[in-house]
Amino acid sequence: MTVSFWQDRSSEAEHTAELLVVGAGISGASAAYWLAERGEDVAVVEAGAVASGASGRSGGMLLLGTADPYSRVVDLFGRERAAEVWSFTRENRALLLERVIDGADAALRVVRGGTASASVSEHEQRELERSGALLCDDGFPMELLDRAAMNDALGTSAFFGGLRDPHGLTIDPARLTERVLALAVDRGARVFPHHEVFAIEDDGDGVVVMTSRARFRAQMVLLCANAYSPLVHPHFAGRVYPTRGQMLATEPLPRRITPWGVYADFGYEYFWQLPTGELVAGGWRQHHADAEKGYSDETTEGVQDGLFGFLVSIFPELATVRVTHRWGGVMGFSGDGLPFIGELPGRPRVKYLAGHTGHGLGFGFLAARALVSAALDGEPVGWLGGGRLTLRG
């Protein structure tokens, strides 16, 4: 991040906390939650508002696994590692349900009843069939849908079939993040929005963090800035890749056109319908990959038109529906599609979690617990360790 000489008000206020979390997206909010649960003195600083980054701009699907189907992750990492990753996201979802979501469905605009990967080609359907068989064998029950079953559920002939997770759900990601952080505040955490970090310095036996509005003294910093990590510290250059995702939302539809959140075309397109009838959808960035790199969250005509055209090809009735919102959000991708935990080189008091690769809701709550356990207890993080990544230029 950059703060000009004229914007720097860091000398005008000073705060102290044992633990300082940088970032109030799902990872930072979750880190504050787990720290506050342990009775730690924790403060959170955020450059904008709570959930103003990708956590408040995402697709809102609480899925198992990664952006890639299980079969491809098995091919990349082996079956044992793939099962570990899926088990991790299953536990993440269970913890969110138990501690945050259950009892707040209406407030969080939850739609239960499953999510489905939908195939737009015979090749993708074969990959889903292979994933489904492997998942069921490894203890992750899924429902394989043939073309007739998938299209009967959605009232369309657009898909070749699908793979349904009966326990998947969709949710308002901004309200979820806000609720996680509110639970942390209830346990004593303090939150400082609109505090843009521009320096993290060692100071004797602690750390000083300079923001646009104050300086913070802490014993340890947990950096949870995800896509924006390279702007906070150069260590993340070549480790976190900012990538824009674009979305849109429609006016409430007169009928329910999908009972599930749908993840199509290997996850490049996705959509679901809120309890109040609005359809939210995202994707199409693969057709404009170079333009979608970087930190701009503006929308572009090519992606927005392509995404809406994709939706109309599935549901022709959408052609006359009014689009009420269009937006972009910057995601933090890692080199292998998995999040990672570590500490800044030579800076044992500065730990980090980053690289959710568009699946922060699926990983963030439990990954933040692993970050806290590593920072305070020295617990190993296993496959989440950032040392597995090869630095790229």
Side-chain angles (χ1 to χ4, degrees), residues 1 21-33 44-63 92 96 100-101 104-111 169-185 189 191-197 224-229 231-232 240 242-250 261 270-272 274-276 278-283 285 292 294-299 303-304 307 323-333 339 353-365 367-368:
M1 306 283 186
V21 177
V22 176
I26 188 64
S27 292
S30 298
Y33 173 93
V44 181
V45 293
E46 163 60 43
V50 174
S52 57
S55 295
R57 297 167 178 267
S58 77
M61 292 193 182
L62 197 46
L63 305 169
N92 179 85
L96 277 173
V100 183
I101 299 172
D105 280 29
L108 299 177
R109 303 202 273 198
V110 173
V111 176
L169 57 91
T170 50
I171 193 166
D172 182 323
R175 294 186 184 189
L176 174 66
T177 302
E178 290 164 357
R179 181 169 171 82
V180 172
L181 193 54
L183 292 171
V185 170
V191 182
F192 297 84
H194 306 293
H195 278 255
E196 187 168 0
V197 171
C224 299
N226 199 26
Y228 298 92
S229 300
L231 300 184
V232 177
V240 176
T243 304
R244 178 173 57 196
Q246 296 189 42
M247 294 194 65
L248 60 80
T250 73
Y270 42 92
F271 57 86
W272 62 283
L274 275 69
T276 44
E278 298 92 341
L279 186 74
V280 293
R285 62 180 170 79
E292 296 305 286
Y295 287 103
S296 172
D297 64 6
E298 296 177 354
T299 59
V303 171
Q304 289 288 323
L307 174 58
V323 174
T324 60
H325 296 75
R326 301 181 188 272
W327 68 93
V330 181
M331 303 171 284
F333 281 37
L353 166 62
H356 287 300
T357 314
H359 282 248
L361 295 188
F363 286 100
F365 195 58

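Side chains included, hydrogens not; waters and symmetry mates left out as well; all remaining heavy atoms used.
By the salt bridge (Lys or Arg N to Asp or Glu O under 4.0 Å) test, Arg57 is found to be paired with Asp297, residues two or more places apart in sequence or in another chain being considered. Contacts of Arg244 classified as side-chain hydrogen bond (donor to acceptor under 3.5 Å, both in side chains), with partners at least two apart in sequence or in another chain: Glu292, Ser296. Residues passing the side-chain contact (heavy atoms from CB on, under 4.5 Å) test with Phe363, sequence neighbours excluded: Thr66, Val85, Phe88, Thr89, Leu338, Pro339, His356, His359, Trp383. Annotation: side-chain contact (heavy atoms from CB on, under 4.5 Å) contacts of Ala184 (sequence neighbours excluded): Ala32, Tyr33, Ala36, Leu181, Ala189. Shown here are the salt bridge (Lys or Arg N to Asp or Glu O under 4.0 Å) partners of Arg175, two or more places apart in sequence or in another chain: Asp172. A search for side-chain contact (heavy atoms from CB on, under 4.5 Å) contacts involving Thr177 returns Ile26, Ala29, Val50, Ala51, Ser55, not counting sequence neighbours. The salt bridge (Lys or Arg N to Asp or Glu O under 4.0 Å) check on Glu278 picks up nothing, with sequence neighbours excluded. Every residue two or more places apart in sequence or in another chain that forms a side-chain contact (heavy atoms from CB on, under 4.5 Å) with Met247 is listed here: Tyr270, Val280, Trp327. In this structure, the ring pair (Phe, Tyr, Trp, His ring centres under 6.0 Å) partners of His195, at least two apart in sequence or on a different chain, are Phe192, Phe216.
Looking at heavy atoms from C-beta onward, Ile171 lies out of side-chain contact with Leu96 at the 4.5 angstrom threshold.
Of all the heavy atoms in Cys224 and Val21, the pair that sits closest is SG-CG1, 4.3 Å. Across all non-hydrogen atoms, the minimal contact from Ala49 to His194 is N-CE1, 3.8 Å.
No donor-acceptor pair under 3.5 Å is formed between the side chain of Tyr228 and the backbone N or O of Tyr295. Looking at Asn226, its side chain never comes within 3.5 Å of a backbone N or O of Ala354 through a donor-acceptor pair.
Of the inter-residue distances, the one linking Arg326 atom CZ with Thr299 atom OG1 reads 7.5 Å to the nearest 0.5 angstrom. Atom CG in Leu62 sits 6.5 Å away from atom CG in Asn92 (nearest 0.5 Å).
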